[in-house]
Amino acid sequence: MSAPKKIAIIGSGNWGSAIGKIIGKNAAQLDQFETQVNMWVFEEMVDGRKLTEIINNDHENVKYLPGHKLPENIVAIPDVVEACMSADIHVWVLPHQFVRGVCQKLKGNIKPDAIALSLIKGLDESKTGVDLISNVINKELGVEVNVLMGANLAKEVANGHFCETTIGCRNEANGQMLKEMVQADNFRVVVVEDATTVEICGALKNIVATGAGFVDGLGMGDNTKAAVIRLGLMEMVKFTETFYQSLQPGGSKNPQGSQTSTFLESCGIADLVTTCYGGRNRRVAEAFVTSGKTIDELEQEMLNGQKIQGPPTAKEVYHLLTEKKCEDQFPLFVAIHKICYEGMPVKDFIGCLKNHPEHM
Ligand SMILES: NC(=O)C1=CN([C@@H]2O[C@H](COP(=O)(O)OP(=O)(O)OC[C@H]3O[C@@H](n4cnc5c(N)ncnc54)[C@H](O)[C@@H]3O)[C@@H](O)[C@H]2O)C=CC1
Ligand SMILES: O=C(CO)COP(=O)(O)O
């Protein structure tokens, strides 16, 4: 049997801590993984103490997942290079805006044959355009990047309530190994090979959830929200067909293309539903309508350091759509960007739904 694999979790926010509970328990029980799991923690002071010290002594991330004990084999480390240099598996679970900075630090400082699993829902925008987060990590660090996305509100997972998730793998054997690392009695994993679609679903559903929050803020009912979910799903499918149908990381052709069935996995329709009803994006977007405050103000006031991904992802997608001159095919995504950042009145969102190309 090959040597046990060392795991490093890159990130320790709400989801990073919840998945840390499961990974820590599995690593302690399964021979194929080293028992100690490193967790890179972006150091900050909480009530006069370092967050790393709190996690290592009290085994609780009191800031991002209060009320839950982390397994004692999860070791918080404030230096990301120290946390990752000996790891065989990197679990990326950060707000997407911090990925490039962390890649710069890790470049040249990791095992060349390490593999990654990204739980990050979002897209990257740089001078060269918009890209998948897995592609950025792959290009920057040269590692294989698999993805995990699903209907997984962190607090519910941490509470042990039953849910499903989807791993999109680049390699079947690694997909199975990663499944063993994260699967639990109440956290059931389906592995598919369509990693690109899995990741796009995770990124785009946060935009749709922002729209769901708008209609909640406007006092519309569940029928309106169902329309937002359906039209949002149609735009997610169209976006995938338009921009990613035949591309894999590195630009080579994907002979299978995007599979429509992937939208029926937990990463697709299920994550859309849960985020449009129970997520942070929905909550902040509803308050945006009712309070008149900006998205940034509300994120700071309501989330205690947690980040929402929907509005920034809408902005990144908007830039891609304008560059490719196809805004008219994605009116819901475009309106959500304009409402968040360009002063478009939120009541005009309903007009955009009424005149959606799906109804023409
Ligand atoms: N929270 C949830 O229910 C779920 C979140 N996700 C996704 O997982 C990813 C991570 O989300 P969460 O763990 O919830 O994070 P979060 O929203 O709790 O964000 C806080 C994290 O950001 C870190 N941070 C703050 N400033 C930083 C900096 N300058 N550099 C690096 N890190 C910094 C903090 O240390 C903390 O770990 C996101 O893409 C999110 O969409 C996916 C499924 C569920
Ligand atoms: O991705 C999530 C659930 O699967 C979390 O969504 P929010 O970021 O909107 O809370």
Side-chain angles (χ1 to χ4, degrees), residues 7 9 11-30 37 39 55 58-74 91-95 117-121 147-168 178-192 198 201-203 205-206 208-210 212-213 216 222 225-226 229 233 262-286 302-310:
I7 305 166
I9 301 177
S12 55
N14 190 229
W15 185 215
S17 303
I19 202 71
K21 274 186 80 172
I22 295 178
I23 291 176
K25 190 171 171 200
N26 284 345
Q29 286 175 351
L30 300 173
V37 174
M39 174 184 266
I55 293 175
D58 305 349
H59 306 291
E60 182 179 343
N61 187 340
V62 292
K63 175 147 186 197
Y64 294 107
L65 191 66
H68 289 273
K69 285 287 173 202
L70 292 170
E72 297 197 4
N73 54 320
I74 296 276
V91 179
W92 286 79
V93 55
L94 286 171
L117 179 68
S118 172
L119 279 57
I120 298 170
K121 293 174 177 171
V147 298
L148 179 151
M149 312 274 147
N152 303 141
L153 294 169
K155 207 168 145 194
E156 296 183 15
V157 175
N159 281 333
H161 298 318
F162 171 77
C163 67
E164 300 176 295
T165 200
T166 314
I167 287 180
L178 295 168
K179 174 174 177 169
E180 285 165 29
M181 181 180 77
V182 293
Q183 181 149 273
D185 194 34
N186 276 324
F187 190 71
R188 307 309 290 172
V189 181
V190 173
V191 181
V192 301
V198 173
C201 283
K205 65 87 193 175
N206 284 330
V208 183
T210 307
D216 284 346
D222 287 337
K225 189 138 86 178
I229 293 173
L233 179 61
T262 305
F263 291 93
L264 304 180
E265 297 291 347
S266 181
C267 62
I269 185 67
D271 199 8
L272 252 183
V273 171
T274 202
T275 315
C276 288
Y277 281 88
R280 300 168 296 186
N281 284 287
R282 187 218 68 81
R283 199 150 49 88
V284 170
E286 180 182 41
M302 296 172 68
L303 296 183
N304 190 31
Q306 293 180 38
K307 305 278 178 204
I308 50 165
Q309 313 292 315

A.B. asks: Which salt bridge (Lys or Arg N to Asp or Glu O under 4.0 Å) pairs, counting each pair once, include a residue from residues 274-284, with sequence neighbours left out?
C.D. replies: D216-R282, R282-E286
A.B. asks: Between the main-chain N or O of Q183 and the side-chain N or O of N26, is there a donor-acceptor pair closer than 3.5 Å?
C.D. replies: yes
A.B. asks: Side chain to side chain contact (heavy atoms under 4.5 Å, CB included) with D271: which of E164, E265, K205?
C.D. replies: K205
A.B. asks: Which heavy atom of G279 sits nearest a heavy atom of L153, and at what distance?
C.D. replies: CA-CD2, 3.8 Å
A.B. asks: CG of L119 to CD1 of I9: how many Å apart, nearest 0.5 Å?
C.D. replies: 9.0 Å
A.B. asks: Quick check for you: to the nearest 0.5 Å, what is the distance between L178 atom CG and L117 atom CG?
C.D. replies: 5.0 Å
A.B. asks: Looking at residues at least two apart in the chain, or sitting in another chain, which of them share a side chain to side chain donor-acceptor pair (under 3.5 Å) with Q309?
C.D. replies: H96
A.B. asks: To check you understand the geometry: which heavy-atom pair defines the closest contact between V198 and G168, and what is its length?
C.D. replies: CG2-CA, 4.0 Å
A.B. asks: My understanding is that only residues two or more places apart in sequence, or in another chain, count here; which of them pass side chain to side chain contact (heavy atoms under 4.5 Å, CB included) with L65?
C.D. replies: N14, S17, A18, H68, A158
A.B. asks: Sequence neighbours excluded, which residues qualify as side chain to side chain donor-acceptor pair (under 3.5 Å) partners of K179?
C.D. replies: none
A.B. asks: Please report the interatomic distance CG(N281) to CG(L303), rounded to the nearest 0.5 Å.
C.D. replies: 9.0 Å
A.B. asks: Take I229 and Y277 through the test side-chain contact (heavy atoms from CB on, under 4.5 Å) and record every step on the way to the result.
C.D. replies: CA-CA 10 Å; I229 293 173; Y277 281 88; 3.9 Å; yes
A.B. asks: May I ask you to decide if G24's main-chain N or O and N73's side chain share a donor-acceptor pair within less than 3.5 Å?
C.D. replies: yes
A.B. asks: Starting at CD1 of I55, measure out to CD1 of I74 and round the result to the nearest 0.5 Å.
C.D. replies: 9.5 Å
A.B. asks: List the atom of M149, the atom of V147, and the distance in Å for their closest heavy-atom pair.
C.D. replies: CE-CB, 4.1 Å
A.B. asks: Rounded to the nearest 0.5 Å, what separation is found between the CZ atom of F263 and the CG atom of L272?
C.D. replies: 9.5 Å
A.B. asks: Which distance, rounded to the nearest 0.5 Å, do you find between the NE2 of H59 and the NZ of K69?
C.D. replies: 7.5 Å
A.B. asks: Over all heavy atoms of both residues, which pair between C201 and G268 is shortest? Give the atoms and the distance, please.
C.D. replies: SG-CA, 3.9 Å
A.B. asks: Mind checking what makes side chain to side chain donor-acceptor pair (under 3.5 Å) contact with S12, not counting sequence neighbours?
C.D. replies: none
A.B. asks: Search all heavy atoms of C163 against all heavy atoms of A151 and return the closest pair with its distance.
C.D. replies: CB-O, 3.8 Å
A.B. asks: How far apart are the closest heavy atoms of G202 and K121, and which atoms are they?
C.D. replies: O-CB, 3.3 Å
A.B. asks: Look at the side chain of E60 and the backbone N and O of P66, then say whether any donor-acceptor pair between them is shorter than 3.5 Å.
C.D. replies: no
A.B. asks: Take atom NZ of K155 as the centre, draw a 6.0 Å sphere, and report whether it contains more than 12 heavy atoms from other residues, nucleotides or ligands.
C.D. replies: no
A.B. asks: With heavy-atom distances below 4.5 Å as the criterion, would you say the side chains of N206 and T275 are in contact?
C.D. replies: yes
A.B. asks: Under 3.5 Å, is there a donor-acceptor pair between the side chain of E156 and the main chain of H161?
C.D. replies: no
A.B. asks: So do M39 and N61 actually touch side chain to side chain, heavy atoms under 4.5 Å?
C.D. replies: no
A.B. asks: In sequence, state the C-alpha distance, the side-chain angles, and the governing distance for V189 and V182, and then conclude on side-chain contact (heavy atoms from CB on, under 4.5 Å).
C.D. replies: CA-CA 8 Å; V189 181; V182 293; 3.9 Å; yes
A.B. asks: With heavy-atom distances below 4.5 Å as the criterion, would you say the side chains of C276 and V208 are in contact?
C.D. replies: yes
A.B. asks: List for me each residue that meets side chain to side chain donor-acceptor pair (under 3.5 Å) alongside D58, sequence neighbours excluded, and say none if there are none.
C.D. replies: R49
